[in-house]
> 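Pasting a structure below so you can have a look.
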Amino acid sequence: MIRRRLESVIDRTLQGIRDSKELELPHIPTVEIEKTRDKKFGDYSTNIAMLLAGGLKKNPMDIAEIFLSFMPSEPGFIKEVKAAPPGFINFYLSDDFLTSSLDEIEKQDESFGAAAETNGKSVQVEFVSANPTGPLHVGHGRWAAVGDTLANVLEAAGYQVEREFYINDYGNQMALFGASVSARYAQLLDVDEKVPEDGYQGEYIKDIAKVLLDKKGKVYFDMNPEFRRQAIQQEAKEQVIEHFRLVLESFGVRFDEWFSETSLHEGEEIGKAIQELRDHGHVFEKDGAVWLRTTDFGDDKDRVLIKESGEPTYFASDIAYHLDKFERGFDTVINVWGADHHGYVARMKAAIQALGYGSERLEIIIGQLVNLFRKGEPVRMSKRTGEMVTFDDLIAEVGPDVARYLFLTRSTDSPLDFDIELAKEQSQDNPVYYVQYAHARICSILNFAESKGVAIPGPGEADLKLLKEESELDLIRHMVWFPDFVEDCATFRAPFKLTKYAEDLAAAFHLFYTKCRVVTDDAALTSSRLALVKCARIVLRNTLGLLGVSAPESM
RNA sequence: GCCCUCGUAGCUCAGUAGGAUAGAGCGACCGCCUCCUAAGCGGUAGGCCACAGGUUCGAAUCCUGUCGGGGGCACCA
């Protein structure tokens with residue numbers, strides 16, 4: 001990683017300055033290295049001189065100059081270092097370093113961009129977690145893309161990652177769902193039974209009942225109504241979960257664990273969690289209910305754990321669930337929640353603190369919603385009229401690649417406008433295709449070379465020093481940045497940044513493509529450009545891989 | 001009313017662990033295929049970073065307030 005190497009150079013330089021007593025360095029601040037946004041400032045820069053200026057009461061430019069005079073020369077890595085006002089130190093990577101990196105990329109191949117070793121930390125990412133009472137909506141699709149790509153990025157950054165789906169399969173909503181399916185089932189057998197007033201009226205309930213009838217026949221018919229409702233609820237729930245599994249799988253998302261809320265109620269977990277809270281002294285009784293004093297930890301009001309009726313609240317089971325997560329040994333637990341749950345964050349964080357865990361071990365990513373459009377017109381969704389575009393409808397219409405990619409083009413906490421027609425028709429303006437096209441073009445070049453009988457060079461076989469064109473070196477600059485970039489995406493929990501990276505990389509490739517012809521009569525140059533193009537394909541493919549988007553060989 | 005979040009080019013949005021002249025895509029306008037995929041490339045135009053204060057050598061970024069959009073404020077899940 002480039003940043004690590006620069007950190008080490010900067011560190012050694014500062015030590016040198018300190019030893020020589022040229023400057024009194026009381027302590028060395030954390031080195032910040034950023035990729036420059038403009039080439040004229042070099043490739044990477046640090047603001048260390050400006051950070052030191054305050055304490056030393058010296059002009060940052062003077063400090064930068066001193067820094068330059070002490071910096072060891074590393075010709076194989078850095079071509080040039082310059083101080084620039086108001087006190088930046090800019091590093092220019094050497095051409096040799098850039099071109100020789102290609103061998104490294106090719107050697108690492110699929111693992112290029114991923115940390116060489118694990119960082120020893122485990123993290124669980126919980127996402128989607130829909131109630132199994134009906135189809136997933138497009139918002140769930142967005143959380144799925146965000147959660148899964150975040151998990152990919154964390155894995156690449158060296159974390160041990162688990163993906164988990166929490167099944168909210170307990171409580172009133174489930175009972176209503178069961179009763180609704182049960183009524184539809186009865187109706188199919190010509191028994192006049194009404195779907196409950198506040199039950200689920202959607203057409204899909206009929207479909208579930210139909211499948212149930214086809215699969216199980218009339219076995220529920222003779223049961224007493226309550227027993228029948230429960231049995232049907234169980235079957236219907238399994239049907240919906242299986243549907244979730246299939247839809248998410250078609251979207252490239254596979255969970256390691258499906259955790260049922262009901263299982264918490266069946267076991268001792270909830271009681272255990274409440275006892276633990278009690279032991280920590282945060283539980284009290286009032287108005288016949290049992291409360292958790294979440295206000296001790298910054299919540300704006302205290303919350304009920306056990307209702308007057310003796311039933312635990314959803315909050316209580318959620319606490320038990322989070323306790324279970326920590327007891328499973330995760331260092332960090334990340335939840336991707338829909339925006340409608342954000343009022344819940346403070347109390348959940350309070351709860352885990354009441355259990356004695358640091359609040360930083362629970363991270364909650366609030367995902368904003370998706371607004372669907374069709375040719376600029378908002379798609380009205382109403383469960384009543386049945387006018388609904390579900391997540392699987394969307395996948396069927398635009399395809400998983402387009403959906404996944406576009407879901408990740410906006411930062412997670414800003415709402416996303418998704419125009420279905422634009423997504424599938426305006427292909428030339430579609431960033432997904434722009435990136436995929438770069439990959440397909442590369443494959444086409446390699447095919448063309450092969451068809452001409454040109455040998456594709458293996459690692460170390462091409463003379464990479466022949467790559468001197470600006471567009472060639474710029475393309476490599478984007479590629480060698482990749483591992484650092486992936487690490488940033490992980491530390492900032494910002495999977496959506498990858499789409500921008502992918503577009504910039506594709507742009508660098510497209511520019512190279514128009515400026516430089518790969519397969520020419522110059523055998524040596526052809527060989528080195530083929531090596532470059534092969535590496536560009538690796539990085540492009542790995543980027544798309546993290547995004548969960550396919551890398552087509554032709555388009 | 002209280003809490004959270006957002007407000008950046010005509011549109012959709014990046015950029016916020018304070019840093020250099022605020023970026024991209026789309027839309028508009030002008031160019032580029034005898035040649036490995038034109039689903040591409042180059043160029044032009046477009047900004048009081050909602051507003052007002054404050055902190056700082058330096059603020060789109062941090063703090064306070066105002067205005068505007070979205071969301072949330074259950075012994076529901």
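Chain letters run A, B, ... following the sequence lines, proteins first and then strands; every chain starts at 1.
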> What integer distance in Å separates A/Glu487:CD from B/A17:C1'?
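From A/Glu487 CD to B/A17 C1': 14 Å.
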
> Start with the C-alpha distance between A/Asp413 and A/Ser411, add both sets of side-chain angles, then the distance that settles side chain to side chain donor-acceptor pair (under 3.5 Å), and finish with yes or no.
CA-CA 6 Å; A/Asp413 48 26; A/Ser411 91; 3.0 Å; yes

> When all nucleic acid strands are considered with a 4.0 Å heavy-atom cut-off, which category describes A/Cys443: base, sugar-phosphate, or nothing?
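Touches nothing.
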
> Does B/A14 have its OP1 or OP2 closer than 4.0 Å to a side-chain nitrogen or oxygen of A/Ser414?
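Affirmative; the distance criterion is met.
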
> Between A/Phe496 and A/His510, which has a closest nucleotide on RNA chain B that is more 5'?
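Upstream on the strand: A/Phe496.
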
> If you count the non-hydrogen atoms of other residues, nucleotides and ligands that lie under 6.0 Å from CD in A/Glu80, is the total more than 12?
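Yes, CD of A/Glu80 has more than 12 neighbouring heavy atoms, counting only those of other groups under 6.0 Å.
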
> Partner lookup for B/G27, please. Criteria are Watson-Crick or G-U wobble with both distances under 3.5 angstrom; report none if nothing qualifies.
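Across any shown strand, B/G27 pairs with none.
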
> Could you tell me whether the phosphate oxygens of B/A38, OP1 or OP2, come under 4.0 Å of any side-chain nitrogen or oxygen in A/Tyr513?
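Yes, within the criterion.
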
> Separation of A/Asp419 atom CG from B/C11 atom C1', in whole Å?
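Whole-Å distance recorded here is 12 Å.
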
> NA contact type, A/Gln436, heavy-atom cut-off 4.0 Å: base, sugar-phosphate, or nothing?
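Since no nucleic acid heavy atom lies under 4.0 Å of A/Gln436, the category is nothing.
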
> Would you mind reading off the distance between A/Glu470 atom CD and B/C41 atom P, rounded to a whole angstrom?
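Value for this atom pair: 16 Å.
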
> Can you tell me the base-pairing partner of B/G1? Count Watson-Crick or G-U wobble geometry only, both distances below 3.5 Å, and say none if there is no partner.
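Pair assignment: B/G1 / B/C73.
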
> Could you check whether the rings of A/Tyr344 and A/Tyr314 sit parallel, tilted or perpendicular, using 30° and 60° as the cut-offs?
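Rings of A/Tyr344 and A/Tyr314: tilted, 30 to 60°.
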
> Please list each protein N or O that sits under 3.5 Å from an N or O in nucleotides 58-63 of chain B, with the distance.
none

> How long is the line joining CG of A/Leu511 and C1' of B/A24, in whole Å?
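Answer to the nearest Å: 16 Å.
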
> Going 5' to 3' along nucleotides 69-77 of chain B, which nucleotides have protein heavy atoms under 4.0 Å from the base (write B), which only from the sugar-phosphate (write S), and which from neither (write -)?
--BSS-BSB

> Which part of the nucleic acid, if any, lies within contact of A/Asn90, taking any heavy atom under 4.0 Å across all strands shown: a base, the sugar-phosphate backbone alone, or nothing?
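Base: the residue A/Asn90, judged by heavy atoms under 4.0 Å, touches a nucleobase.
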
> Check A/Arg477 with A/Glu470, please: is the shortest side-chain N to carboxylate O separation under 4.0 Å?
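Looking at A/Arg477 together with A/Glu470, the answer is no, because their closest N to O distance does not fall below 4.0 Å.
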
> Assess whether a salt bridge exists between A/Arg303 and A/Asp300, defined as any Lys/Arg side-chain N lying under 4.0 Å from an Asp/Glu carboxylate O.
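Here A/Arg303 pairs with A/Asp300 in a salt bridge, since their nearest N and O are under 4.0 Å apart.
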
> Parallel, tilted or perpendicular: which one describes the rings of A/Phe485 and A/Trp481, with boundaries at 30° and 60°?
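Because their plane-to-plane angle is over 60°, the rings of A/Phe485 and A/Trp481 count as perpendicular.
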
> Of A/Arg410 and A/Ala506, whose nearest nucleotide on RNA chain B comes first from the 5' end?
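In this pair, the answer is A/Arg410.
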
> Indicate the ring-plane relationship of A/Tyr166 and A/Phe259, choosing parallel, tilted or perpendicular according to the 30° and 60° boundaries.
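Tilted.
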
> To the nearest 0.5 Å, what is the distance between CD1 on A/Ile167 and OG1 on A/Thr262?
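Between atom CD1 of A/Ile167 and atom OG1 of A/Thr262 there are 8.5 Å.
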
> Mind telling me whether B/C48 is syn or anti, cutoff 90° either side of 0?
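Nucleotide B/C48 adopts anti.
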
> With a 3.5 Å limit on both atom pairs, tell me what B/G40 is paired to, counting Watson-Crick and G-U wobble, or say none.
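Across all strands, the one nucleotide that pairs with B/G40 is B/C32.
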
> Side-chain N or O of A/Arg37 less than 4.0 angstrom from OP1 or OP2 on B/A20?
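Yes, because at least one side-chain N or O of A/Arg37 sits under 4.0 Å from OP1 or OP2 of B/A20.
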
> For A/Lys497, answer base if it contacts any base atom (sugar-phosphate contacts may also be present), sugar-phosphate if it contacts only those atoms, and nothing otherwise; contact means non-hydrogen atoms under 4.0 Å.
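Sugar-phosphate contact only - A/Lys497 comes under 4.0 Å of backbone atoms but never of a base.
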
> Would a distance-only check, ignoring hydrogens and angles, find a side-chain to backbone donor-acceptor pair under 3.5 Å from A/Asp287 to A/Ala289?
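A pair under 3.5 Å: no.
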
> Hey, is A/Lys325 close enough to A/Glu164 for a salt bridge, meaning N to O under 4.0 Å?
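Salt bridge: no.
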
> Base, sugar-phosphate alone, or nothing: which one does A/Ser317 contact when heavy atoms must sit under 4.0 Å apart?
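Contact class for A/Ser317: none.
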
